[in-house]
Amino acid sequence: MYDPTVARLTYRALLGRRRAAILFVLPVLLVAIAVAVRAFAGADDGVASGVLGGFAIATMVPLIGVIAGTGAIGPEIDDGSIVYLLAKPVKRPTIIFTKLIVAVAVTMLFSALPTFVAGLILNGNGGQIAVAYTIAALVASIAYSALFLLLGTVSRHAVVFGLVYALVWEALFGSLVPGARTLSVQQWSLSVAEKVAGDGVVTSDVGLPLATVLLIGVTVAATWYAGQKLRALKLAGEE
């Protein structure tokens with residue numbers, strides 16, 4: 001289910017000079033904000049939770065997920081180079097699964113690690129806040145990567161749709177419409193973090209059992225459907 005050649009090509013595409021520069025911007029900004037907040041406000045659990053939840057989990061992780069998830073396959077479909085990959089004796093689900101692993105790894109590297117560093121800067125992991133939000137970032141990275149990889153497979157406007165979901169649905173509707181939070185990867189990941197952090201430090205509108213089922217279900221379903229769409233793309237090319 002994992003092909004090293006596909007993985008190498010995907011890493012090269014995602015970590016090219018231009019895309020890597022974009023990936024570095026948000027983590028650097030998060031750490032800079034953490035340093036500034038710690039300098040002016042000192043070590044405060046509430047402030048640390050606000051910064052990590054409001055910027056790292058709500059903004060940085062989904063945006064990096066959009067870049068990594070759609071970038072793992074979208075450009076190849078857009079420029080037609082995916083045809084050469086499909087011509088290789090590699091199963092289509094293997095291609096998708098390999099690209100998912102790469103997208104998850106890149107998203108985790110550029111989101112979870114900076115989140116942990118920022119948490120240590122903000123309050124030295126008091127109340128397990130740094131660890132809790134890091135786990136949330138790790139969990140969210142998997143679901144976001146699967147969702148946005150699927151978008152990259154089915155649409156030429158995957159980045160736009162990904163940004164709409166991340167910034168409009170989760171950030172806007174999620175803050176205004178309580179029911180929308182149930183269909184939010186952000187809330188699912190926060191549910192996991194809530195069990196790790198101290199009482200009341202991290203909150204989620206979704207219970208842990210439901211969040212776990214949704215995280216697993218969305219990841220599996222998105223990955224499977226992306227594989228089916230890629231198989232259909234191959235058949236269309238042959239015709």
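The chain is numbered in sequence order, starting from 1.
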Chemist: Apart from Y225 itself, which Ile, Leu, Val, Met, Phe, Trp or Tyr residues share its cluster (side-chain heavy atoms under 4.5 Å, direct or through members)?
Modeler: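 Noted: Y225 shares its cluster with L150, V154, W224.
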Chemist: For V37 and V47, what are the C-alpha separation, side-chain angles and deciding distance, and is it a side chain to side chain contact (heavy atoms under 4.5 Å, CB included)?
Modeler: CA-CA 8 Å; V37 170; V47 173; 3.3 Å; yes
Chemist: With side chain to side chain contact (heavy atoms under 4.5 Å, CB included) as the criterion, how do V61 and L26 come out once you've worked through the C-alpha distance, each side chain's angles and the decisive distance to 0.1 Å?
Modeler: CA-CA 9 Å; V61 180; L26 290 173; over 6 Å; no
Chemist: Tell me which one of L52, L138, L122 satisfies side-chain contact (heavy atoms from CB on, under 4.5 Å) with Y133.
Modeler: L52
Chemist: Counting C-beta onward and ignoring hydrogens, is there a side-chain heavy-atom pair between L86 and R92 closer than 4.5 Å?
Modeler: yes
Chemist: Relative to each other, are the rings of F161 and H157 parallel, tilted or perpendicular (30° and 60° limits)?
Modeler: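 Answer is perpendicular, since the angle exceeds 60°.
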Chemist: Tell me, do L190 and V206 make a side-chain contact under 4.5 Å, heavy atoms counted?
Modeler: no
Chemist: Could you measure the distance from the CD1 atom of I33 to the CZ atom of F55? Nearest 0.5 Å is fine.
Modeler: 4.5 Å
Chemist: Do L149 and I73 come within less than 4.5 Å of each other through their side chains, counting heavy atoms only?
Modeler: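 Result yes, sub-4.5 Å side-chain heavy-atom pair found.
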Chemist: Quick one, V218 with V185, criterion side chain to side chain contact (heavy atoms under 4.5 Å, CB included). Give me CA distance, side-chain angles, the key distance, then yes/no.
Modeler: CA-CA 9 Å; V218 165; V185 174; 5.6 Å; no
Chemist: So L85 and I82, do their side chains get closer than 4.5 Å, heavy atoms only?
Modeler: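 They are in side-chain contact.
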Chemist: Among residues at least two apart in sequence or on other chains, which ones pass side chain to side chain donor-acceptor pair (under 3.5 Å) with E76?
Modeler: K99
Chemist: Rounded to the nearest 0.5 Å, what separation is found between the CG atom of L100 and the OG1 atom of T219?
Modeler: 7.5 Å
Chemist: Does D45 reach the main-chain N or O of G127 with its side chain, forming a donor-acceptor pair under 3.5 Å?
Modeler: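 It does not hold such a pair.
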Chemist: For the backbone of L208 and the side chain of T212, can you confirm whether one donor and one acceptor N or O come within less than 3.5 Å of each other?
Modeler: yes
Chemist: Can you find a heavy atom in the side chain of V6 that is under 4.5 Å from one in the side chain of V102?
Modeler: no
Chemist: So I67 and I22, do their side chains get closer than 4.5 Å, heavy atoms only?
Modeler: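 Heavy-atom side-chain distance check passes, below 4.5 Å.
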Chemist: Under the 3.5 angstrom rule, does the side chain of T107 hit a backbone N or O of S141 as a donor-acceptor pair?
Modeler: no
Chemist: Does the S49 side chain pair with the main chain of V201, one donor and one acceptor, at a distance under 3.5 Å?
Modeler: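 Confirmed, S49 side chain pairs with V201 backbone.
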Chemist: Return the CD to CD distance between Q186 and E170, rounded to the nearest 0.5 Å.
Modeler: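 The CD atom of E170 is 5.5 Å from CD of Q186, to the nearest 0.5 Å.
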Chemist: With rounding to the nearest 0.5 Å, note down the distance linking CZ in F110 to CD1 in I64.
Modeler: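 If we round to the nearest 0.5 Å, F110:CZ and I64:CD1 are 7.5 Å apart.
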Chemist: Evaluate whether atom CZ of F24 has more than 12 neighbouring non-hydrogen atoms of other residues, nucleotides or ligands under 6.0 angstrom away.
Modeler: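 Not buried by this count: 12 neighbours or fewer within 6.0 Å.
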Chemist: When you group the ILVMFWY residues by side-chain heavy-atom contacts below 4.5 Å and let the links chain together, are V25 and L14 in the same group?
Modeler: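 No, no single cluster joins them.
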Chemist: State the CG-CG distance between L63 and L163, to the nearest 0.5 angstrom.
Modeler: 6.5 Å
Chemist: Within the distance-only criterion (no hydrogens, no angle test), does the side chain of N123 pair as donor or acceptor with the backbone N or O of D44 below 3.5 angstrom?
Modeler: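 Answer holds: no.
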Chemist: To the nearest 0.5 angstrom, please state how far the CD1 atom of I96 sits from the OG1 atom of T153.
Modeler: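 It is 4.0 Å, given to the nearest 0.5 Å.
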Chemist: Quick check on the hydrophobic clustering: are L210 and L215 connected, directly or via other members, by side-chain heavy-atom contacts under 4.5 Å?
Modeler: yes
Chemist: Within the side chain of S155, is there an N or O that forms a donor-acceptor pair under 3.5 Å with the backbone of L151?
Modeler: no
Chemist: Please answer whether the main-chain N or O of D3 pairs with a side-chain N or O of T98 as donor and acceptor at a distance below 3.5 Å.
Modeler: yes
Chemist: Any side-chain donor paired with an acceptor under 3.5 Å for T134 and T115?
Modeler: no
Chemist: Find out whether F148 and V159 are in side-chain contact, i.e. whether some heavy atom of one side chain is under 4.5 Å from a heavy atom of the other.
Modeler: no
